[in-house]
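Worksheet: one structure, shown below.
Computed from a prediction, not measured in an experiment: that's the story for all the values here.
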Amino acid sequence: MKKVAVLLSGCGVFDGTEIHESVLTLLCLSRAGAHYQCFAPDIKQMHVVDHLTGEVDAAASRNVLVESARIARGEVKSTIELDIAEFDALIIPGGFGAAKNLCNFATNGSECEVNPLVADFIDEFIVAKKPVGFICIAPMMIPRLYPHGVKGTIGNDSDTAAAFNLMGGVHQVATVHEIVVDDANRIVTTPAYMLAGSIAEAHSGIEKLVTKVLEMVGELV
């Protein structure tokens with residue numbers, strides 16, 4: 001049975017992991033017969049957003065690992081607990097947490113950096129040449145982690161695509177139903193809620209991404 005790590009960034013689209021994207025990822029993995037383990041960095045969230053009003057709660061403070069446990073039903077590990085030998089692939093759902101907690105693209109744009117704990121975690125999969133799937137806004141970390149010229153998509157937002165290219169990536173426009181595959185770097189990306197108008201549309205690309213990532217597990221590097 002293939003085993004896939006799923007990297008979360010909190011709980012909630014505005015300050016953590018996009019819940020629909022993460023649950024769809026876990027569902028698709030389960031339906032494909034794969035086993036999964038959720039991970040998250042044990043760090044403080046950038047901030048806390050009231051998801052009813054959309055306002056930042058300046059007095060609140062939350063931990064990314066603790067909040068991610070809500071999605072994982074408690075079955076989540078810190079990124080430093082990774083044993084790369086146990087896993088065949090990695091998938092990273094989106095949500096603003098990917099751009100606020102896993103990296104700081106939300107505030108720094110093309111000058112962003114990936115959190116060291118997150119960079120070290122993902123780099124283990126890169127060094128081991130294991131496939132990685134990036135969903136929604138999560139692909140904005142790709143140019144900071146992979147060699148110049150790496151391919152990926154966030155959909156069709158021109159400003160975000162320009163930032164991806166400025167950081168050294170090669171952005172490819174894609175619809176919500178499509179995936180972009182970089183075979184050389186063993187990466188799969190899909191826009192999901194960067195474009196999705198419904199959970200069904202988000203599911204379309206995510207299902208294709210999960211299927212392709214699992215196919216790549218058995219491919220020769």
Examine distances only and state if a side-chain atom of Lys77 and a backbone atom of Ala40 form a donor-acceptor pair shorter than 3.5 Å. no
CE-CG distance between Met167 and Leu145, expressed to the nearest 0.5 angstrom: 10.0 Å
Please confirm whether the backbone N or O of Asn185 pairs with a side-chain atom of Asp182, one donor and one acceptor, at under 3.5 Å? yes
Closer than 3.5 angstrom, by distance alone: can the side chain of Thr160 be matched with the main-chain N or O of Asp157 as a donor-acceptor pair? no
Look at atom NZ of Lys44 and say whether more than 12 heavy atoms of other residues, nucleotides or ligands are closer to it than 6.0 Å. no
Inspect the surroundings of CD in Glu75 and state if more than 12 heavy atoms from other residues, nucleotides or ligands are less than 6.0 Å away. no
For Lys130 and Ile84, indicate whether the former's side chain and the latter's backbone hold a donor-acceptor pair under 3.5 Å. yes
Atom pair CE/CZ of Met140 and Phe134 - distance to nearest 0.5 Å: 12.0 Å
Any side-chain to backbone donor/acceptor pair from Arg62 onto His47? Under 3.5 Å, distance only. no
Any non-hydrogen side-chain atom of Val6 less than 4.5 Å from a side-chain atom of Leu26? yes
A side-chain contact here means heavy atoms from C-beta on lying under 4.5 Å apart; do Val66 and Val76 qualify? no
Are Asn115 and Asn101 close enough, and set up right, to give a side-chain hydrogen bond (donor to acceptor under 3.5 Å, both in side chains), and what steps lead you there? CA-CA 7 Å; Asn115 180 284; Asn101 303 326; over 6 Å; no
Side chain of His203, backbone of Leu24: donor and acceptor closer than 3.5 Å? no
Could you check whether the rings of Phe87 and Phe39 sit parallel, tilted or perpendicular, using 30° and 60° as the cut-offs? perpendicular
Taking Asp42 for its side chain and Ser78 for its backbone only, find out whether a donor-acceptor pair lies under 3.5 Å. no
Residue Arg70 excluded, over 12 heavy atoms near CZ under 6.0 Å: no
Check: Thr153 side chain, Gln172 main-chain N or O, donor-acceptor pair, under 3.5 Å: yes
With a cut-off of 6.0 Å (strictly less than), are more than 12 heavy atoms of other residues, nucleotides or ligands near OH of Tyr36? no
Side-chain heavy atoms of Ile43 within contact of Leu65, under 4.5 Å: no
Classify the ring geometry between His171 and Phe164 as parallel (under 30°), tilted (30 to 60°) or perpendicular (over 60°). perpendicular
Would you find a donor on one side and an acceptor on the other, under 3.5 Å apart, between the side chain of Thr189 and the backbone of Pro139? no
Checking side-chain hydrogen bond (donor to acceptor under 3.5 Å, both in side chains) between Tyr193 and each of Glu21, Glu201, His20, which is the one that passes? His20
Determine whether more than 12 heavy atoms belonging to other residues, nucleotides or ligands lie under 6.0 Å from atom CD1 of Ile80. no
Could you go through the side chain to side chain contact (heavy atoms under 4.5 Å, CB included) check for Phe14 and Val56 one step at a time? CA-CA 10 Å; Phe14 299 129; Val56 174; over 6 Å; no
